[in-house]
Each structure stands twice: as C-alpha cells, then as structure tokens.
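Bear in mind that the values here come from a model prediction, so they are computed numbers and not experimental data.
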There are 2 protein chains.
Amino acid sequence: MSQHRHPGAPDRPGAVPALPDLPEATVARLPEYLRALHNLAETGHETVSSEGLASAAGVNSAKLRKDLSHLGSYGTRGVGYDVALLIDQIEYVLGLTHRRSVALVGVGNLGHALAGYDGFATRGFRIAALFDADPSRVGEEINGLVVRHVDELPGVAAEESIAIGVIATPAAAAQRVADQLVAAGVTSILNFAPCVLSVPDGVDVRKVDLAIELQILSFHEHRKASLTALPATGGSTLTALPGGLAVTDPQEAIGT
Amino acid sequence: MSQHRHPGAPDRPGAVPALPDLPEATVARLPEYLRALHNLAETGHETVSSEGLASAAGVNSAKLRKDLSHLGSYGTRGVGYDVALLIDQIEYVLGLTHRRSVALVGVGNLGHALAGYDGFATRGFRIAALFDADPSRVGEEINGLVVRHVDELPGVAAEESIAIGVIATPAAAAQRVADQLVAAGVTSILNFAPCVLSVPDGVDVRKVDLAIELQILSFHEHRKASLTALPATGGSTLTALPGGLAVTDPQEAIGT
DNA sequence: AGGCGCTTGTGAAGACACGCACAAATCGCG
DNA sequence: CGCGATTTGTGCGTGTCTTCACAAGCGCCT
C-alpha cells in the first residue's frame, strides 16, 4: 500500500521501530485518517492542514492533531501535513507495510459476501483461504478461491502465514471455530457471529454485530420520538413521554 | 421478543414510562445484555445474577450493574435480576416494543447478503424495502422482496413508515443516497460505505467499516510482533499494560 | 423472629478522552 | 532581514467512563 517512497520517509533502516503505545481511541481513528489521506492523494493534494484532514475524516481538528502527535511530529507549522509522508507513517504504525493474509471461516450468506468484498483487498489485506464446516460447501469456488474444510485450517494457516481470522458462522459454531483458529496460531479475530468469544490472553477479538448497530439506532429513534412529543423541558431527567409511542411526523427532522 | 407488557412489568398503569437519558456507552452495551438474556431465557433461567449476566455478555459485573441501574432498579438483592422482566425493560428502552421497518439501499455484493441476513428479523427489525440505482438490478427479487429504483424511496418510505435506512452502496454513491434517505424522512442511518456522511442535525448515523476493523487488528498484530521482538527494552513509555494482556474491549468511543 | 449469606445499587476515586486556547515554529513577502 | 500570517503541538480544565469497595436490602434457615 505504501507505494509512495517519500524522500525522508521515516522507515528506520535496521533498527527496530519504536512503536509508541497509542490510546485505543486513537488507533480506532487512524484508519479513518488513512482513508481520507488516500482520497486527498488521489485528488492531487500534496499537503493538507489539520483542519482539512479533520473535516475529511469527520472529526474535530484538535483531536486529529493530538492523535497525530502521538505518532511523532510529522507536520510543518504554518503549512500542514505532507500527505504522502503521513500515509506512510500511519500505514507503518498500523502494520500495513506488508499485505496481511486473512482466513475467512463460514461461507454462508454473510461469509459469501465478505469473500467477495473488494474493500479488503484495496486496503491492505488478502483473503488467503476460505473454510466451512459444511461438506456440501467444501469445494465451491468463490472469487477464485476454493472453499476448504475447516479441519484443514492448521496446515493452511501455517503455509499462508495467516495471523488474522474472520468468523462468519452461525453463533452456535463460533466458539468452536475460534478455538480452532487459535490452535492454528491465529492471534487476531474479527467476529461477525452474535456471541461472546472467549480466547486466551494474547489473542485480540473484535466484534461486529449488525443487529446491535440497528438496535442502537432504534434507541435513538425512540428517544427522538419521545423528545419531539414534549418540546421544552430544561429538566435534566426529562422524561415521560406522553401518550404512548405515537410516531411523530418524520418530515419534522428535515430542517437544514 | 416479548411483544408487550410482562405480567409484573413496572409500567405505571396510566403513566408513561420514563425514558432516562443513558450514557452512550451504556446504550451500546444494552443490546449485548439483551442477547445474553434471550439466551438465558431459552435455557430456562428465571433469574440471573449480575455476575452471571456479565460473564454471558462479556463484561465486568460492576459495569453491568451500573448500566442497569440507569434503567431503574429492577433487580432483587440477594437474588438477582428477573430475566423476563429485564428483557422487557431493555426492549422498551431500546424502542423494540414494536418491529421497526428498515430500508436497504444498494443490493450489490454486501447489500445482497444483508438483505438475506436473518439476524435482523430475529432481533426486532423488518427489511421493508430494497433499493438500487442500477436499473439492471431493479426488479430482481431477493428473499421475497423486489428491488426498486432508488427514486421510489420517498413514496415507499412514507407508506411503510420507515425511519431507519441502511446504506450498502459504493462510497461514491453514499452521500447522495444519504441525502435521498433524509429527504424521504429517514432519521437514522447505518452506513456500510467507507466514507464520511454529512447529515442535518437530528439524523443519527452509525458507521460500520469492515476494512477498518481489520486495520485495527493489524495494529495489534504489529504491536504484538514488536513486543515479542524486544522483550524488555527500556523503550520509553512502552507499556503501562500489566502483564501481556490483550483483552478485548468492544467498546471504544463510538460517538454519534 | 432473628441472624446469616448473598447480591444489588451507588458513592468515590481513578483512568481516559475531549476540546479549548495559546505558545512555538515555519513560510512568504516586502 | 524582519514581520505578519498561518498552522502545528500541547498544557490544562472539563466531562465521561470504568472500577473498586461497601452499605443496604432480601430471602432462607433455624
């Protein structure tokens, strides 16, 4: 991904890079900055101010500057940040200087889509293998990859040096798959199954639950509905929503 | 999905239940508790302790108690929480007492999978309409729903009283679709496109970016690799982490 | 009835994150 | 060369989230 070799790019030659330990909140935003930076690079920008990058990434500029300051000082006062240099920096910190191989387990409805999602490839990842426990699915070819039986995981994981696994199985199978991934040497898991995984220390798990996202939105819908019902209460615990859940006219919110 | 009032539900008869304003972090965890509670209910548990529910939901028990305390006091000291009662409470707060209709825009690779994802239906949502801008896709039937052209959005949204929209289009089309959704009266958007959306006040947007999740994991892989490489360097401030933990904390400052 | 063990609910403290506001640094221009 | 315009990097106050630790409440057993 960092095809830019910027003059002055800070790759330490031989030395082992000092990886600063970043606040988790910062880490979660870096990919967002990176995407914005790639857009800027494509549209010909050489430098960008914190204000500009912040708005492109949808955050506050002070927050952005503080985030970037954790990586070191790679901006120039009075000018801004060098786009290509910053891309290299962030990609280095995120460990994207080499393409990482990912194993995807579960090629059902969702897994099938993930296998074909090109957003992974374009942002530094390679889906190196597909697995499923269902024998009737084994052998199927998706996007140029053949689905293998999940029992082959250990061998393939070693061969392809896979360190990241994606679980897209039903919830009931997820823990078992997680165990298999861990046993195969995988140390990071992205879990799409709606369940809690328990893994040993040293293994990172991130979870994406599509229904939960909707439920959070549902809460806000509920709240908005109850607020529009009573206009002006300054009271902290304003509350009581009068007269049931009557949905207010949706047209209301389209002000701006 | 307990549709309505539990026998012992604490809704004051005539009065309308107070909707407390909850910390955002709490809101994000409630769906997790809800899922765990449904599992417990199915396995015959009538009550559950904070410790039990917390471990089922993958959180700390003190945090869980504080979260639930924001909803009011629905536990019994010395006993625990009534599972069915708590389910009703959380579903009420999340606005899940009636099934919400969702519009899905973009039935490409990912959208197709989302349209067929049964996790939405089983957790309180109904995909009420599918849209796409590509005429060659319009008319296609997915899971019993016919794909319509995105221009039909306003009419259909009103008809089906849709308040939540899901965007599964390419990034380039996402902002335009968001505008159309807002114009059609949608006030909550779940965005799968890798880009920042700007929407008027009063409209909530949540974003799910699959590649970002992988990039965050990549960072942790990178960090783990650099740590094992140099066991005990006096690397400045490295560390602060007790032991070599790698606990997963799904919660990370996801604001609106 | 009374005591005992268990579990909730919460005050207080600590950790973390955010955003303001400003000093320090850099560039361009006269 | 110096000055003003611009933008970064950061110290600090503020607010939010997390965690601990314990008093208050409840049920059960004797």
Side-chain angles (χ1 to χ4, degrees), chain A residues 8 10 20-30 32-33 37 40 45-83 85-86 89-90 216 236-237, chain B residues 8 10 20-30 32-33 37 40 45-83 85-86 89-90 216 237 239-242 245 247-256:
Chain A
D21 54 10
L22 308 172
E24 198 57 33
T26 295
V27 174
R29 281 186 296 263
L30 287 181
E32 201 73 51
Y33 303 154
L37 284 165
L40 289 167
H45 296 70
E46 302 248 321
T47 65
V48 64
S49 70
S50 65
E51 197 71 50
L53 181 53
S55 80
V59 304
N60 172 305
S61 72
K63 181 152 53 178
L64 178 132
R65 286 199 299 277
K66 185 152 291 187
D67 282 342
L68 294 186
S69 78
H70 287 121
L71 313 185
S73 281
Y74 295 112
T76 308
R77 294 170 193 232
V79 177
Y81 298 91
D82 180 300
V83 172
L85 172 56
L86 202 48
Q89 265 310 302
I90 295 180
I216 294 172
S236 55
T237 44
Chain B
D21 51 77
L22 308 171
E24 195 56 37
T26 295
V27 173
R29 282 187 294 264
L30 287 180
E32 201 72 53
Y33 303 155
L37 284 165
L40 288 167
H45 296 71
E46 303 247 319
T47 65
V48 64
S49 70
S50 66
E51 197 70 50
L53 181 53
S55 79
V59 304
N60 171 305
S61 72
K63 182 152 48 178
L64 178 131
R65 285 200 301 277
K66 184 145 289 189
D67 283 342
L68 294 186
S69 78
H70 287 120
L71 312 185
S73 282
Y74 296 114
T76 309
R77 295 172 193 231
V79 177
Y81 297 91
D82 180 299
V83 172
L85 172 57
L86 202 47
Q89 269 308 307
I90 296 180
I216 294 172
T237 44
T239 195
L241 299 182
L245 90 170
V247 180
T248 319
D249 195 355
Q251 129 75 13
E252 94 264 347
I254 301 178
T256 345

Show every donor-acceptor pair shorter than 3.5 Å between a side-chain atom in residues 50-59 of chain B and any protein atom, with sequence neighbours excluded, or say none if there are none.
| unit_1 | atom_1 | unit_2 | atom_2 | d |
| --- | --- | --- | --- | --- |
| B:Ser50 | OG | B:Arg65 | NH1 | 3.0 |
| B:Glu51 | OE1 | B:Ser61 | OG | 3.4 |
| B:Ser55 | OG | B:Gly52 | O | 3.2 |

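Atom pair B:Arg77:CZ and D:dA24:C1' shows a separation of 5 Å (rounding to whole Å applied). Atom CG in A:Leu68 sits roughly 13 Å away from atom C1' in D:dT7 (whole-Å rounding). Distance CZ (B:Arg65) to C1' (D:dG25): 14 Å, rounded to an integer number of Å. Rounded to whole Å, atom P of D:dT10 lies 12 Å from atom CG of A:Leu71. Between the P atom of D:dT14 and the NZ atom of A:Lys63 lies a distance of 19 Å, rounded to the nearest Å. When the C1' atom of C:dG19 is taken as reference, atom NZ of A:Lys66 falls 8 Å away, rounded to whole Å. If you take CZ of B:Arg29 and P of D:dC17, they are 8 Å apart, rounded to a whole angstrom. Atoms CG (A:Asn60) and C1' (C:dA17) sit 12 Å apart, rounded to a whole Å.
The phosphate of D:dG9 (OP1 or OP2) has a side-chain N or O of A:Tyr81 nearer than 4.0 angstrom. Dashed line: the shortest gap from a side-chain N or O of B:Ser49 to OP1 or OP2 of C:dT7 is not under 4.0 Å. For C:dG9, one of the phosphate oxygens OP1 or OP2 lies less than 4.0 angstrom from a side-chain nitrogen or oxygen of B:Ser73.
Ranking C:dC27, D:dT18, C:dG9 by closeness to the A:Val79 side chain, first place goes to C:dC27. Of the candidates C:dT8, C:dA17, D:dT18, the closest approach to any side-chain atom of B:Ser50 belongs to C:dT8. When each of D:dG9, C:dA17, D:dC17 is scored by its nearest atom to the side-chain atoms of B:Pro23, the top-ranked nucleotide is D:dC17.
Listed here is the closest heavy atom pair of A:Ile90 and A:Leu30: CG2-O, 4.0 Å. Minimum interatomic distance between B:Val83 and B:Leu37 (heavy atoms only, all atoms of both residues): CG1-O, 3.7 Å. When all heavy atoms are compared, the tightest approach of B:Arg29 to B:Asp67 is NE-OD2, 2.7 Å.
Only one option out of A:Leu85, A:Leu86, A:Val79 pairs with A:Asp82 in a side chain to side chain contact (heavy atoms under 4.5 Å, CB included); it is A:Leu85.
Heavy-atom nearest nucleotides on DNA chain C were determined for B:Gly78 and for A:Thr76, and the one closer to the 5' end corresponds to B:Gly78.
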